[in-house]
Amino acid sequence: MTTKKYHRAITYGTFDLFHIGHLRLLERIANLADEVIVAVSSDEFNKLKGKYCTIPFENRRDIVAALRMVTKVIREDNWEQKIKDVQKYQCDVFVMGSDWEGQFDFLKPYCDVVYLPRTAGISSTSIKQKIQT
Ligand code: CTP
């Protein structure tokens, strides 16, 4: 019998240059929910967001899918798909890092919305900057 608060969580992100902040976030989501669905942003969606991404979608997707706490990986193609995803996969919680605090509260009629603190001192952007210097 499960002792976790939720059955199925969903989270979204680019996960470029997969790093410890990504891992810690997914671990904490897995502590909250039996199942963890991760929507990985497509290269086209990153371009649309003006986000420069180093690793191609297929590789980022495969890295995330290989993690033992991740139940399923889907593709994120646009800003609008979240309500549909939550309904389609019957998620009872939507989780993001605290850099997104408040921005997805529109999902609250459909599931719980939780923002977890980011791991300090690391981001894909900071890794790229370090490599360049
Ligand atoms: N995240 C985190 N701690 C970090 C970095 C990211 O908890 N130090 C979380 C984000 O809040 C998000 C998820 O990991 O919920 C995916 O974030 P993503 O944007 O892919 O990672 P970043 O390292 O923040 O990427 P970037 O620098 O390109 O914004």
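Just follow the structure's listing: the first ligand is 1, and inside any ligand the first atom is 1. Bear in mind that the values here come from a model prediction, so they are computed numbers and not experimental data.
Annotation for ligand 1: atoms under 4.0 Å from non-hydrogen atoms of F15 are 16 (C), 20 (O). Below 4.0 Å from some heavy atom of D99 lie the following atoms of ligand 1, by number and element: 10 (C), 11 (O). For ligand 1, the atoms closer than 4.0 angstrom to any heavy atom of T14 are 20 (O). Atom numbering of ligand 1 starts at 1 in the shown order; those under 4.0 Å from a heavy atom of I122 are 4 (C), 5 (C), 8 (N).
Looking only at heavy atoms of the protein, atom 27 (O) of ligand 1 is closest to T125 OG1, 2.5 Å. The single protein non-hydrogen atom nearest to atom 9 (C) of ligand 1 is L25 CD2, 3.8 Å, given as residue, atom name and distance. Here the protein heavy atom with the shortest distance to atom 21 (O) of ligand 1 is H22 NE2, 2.9 Å. Counting protein heavy atoms only, atom 6 (C) of ligand 1 is closest to R118 NH1, 3.4 Å. For atom 3 (N) of ligand 1, the closest heavy atom belonging to the protein is T119 N, 3.1 Å. Counting protein heavy atoms only, atom 15 (O) of ligand 1 is closest to G97 N, 3.0 Å. In terms of protein heavy atoms, atom 25 (O) of ligand 1 is closest to S124 OG, 3.5 Å. For atom 28 (O) of ligand 1, the closest heavy atom belonging to the protein is K51 CE, 3.0 Å.
The stretch residues 46-67 participates, sequence neighbours left out, in these salt bridge (Lys or Arg N to Asp or Glu O under 4.0 Å) pairs: D43-R60. The ring pair (Phe, Tyr, Trp, His ring centres under 6.0 Å) pairs that include a residue from residues 47-81 are F45-W79, where partners are two or more places apart or lie in different chains.
In this structure, the ring of F104 has its center no less than 6.0 angstrom from the ring center of Y115.
Side-chain contact check for L26 versus F18: some heavy-atom pair is nearer than 4.5 Å.
The distance criterion of under 3.5 Å between nitrogen or oxygen atoms is not met by S126 with respect to ligand 1.
The CG atom of D85 sits 4.0 Å away from the CD1 atom of I74 when rounded to the nearest 0.5 Å.
Taking every heavy atom of both residues into account, A30 and M69 meet most closely at CB-CB, 3.6 Å.
D92 places a side-chain N or O within 3.5 Å of a backbone atom of H7 that can act as its donor or acceptor partner.
With Y12 as the aromatic partner, K82 meets the cation-pi criteria of under 6.0 angstrom to the ring centre and within 45 degrees of the ring axis.
Using cut-offs of 30° and 60° for the angle between ring planes, the H19 and H22 rings count as parallel.
At least one heavy atom of H19 sits closer than 4.0 Å to an atom of ligand 1.
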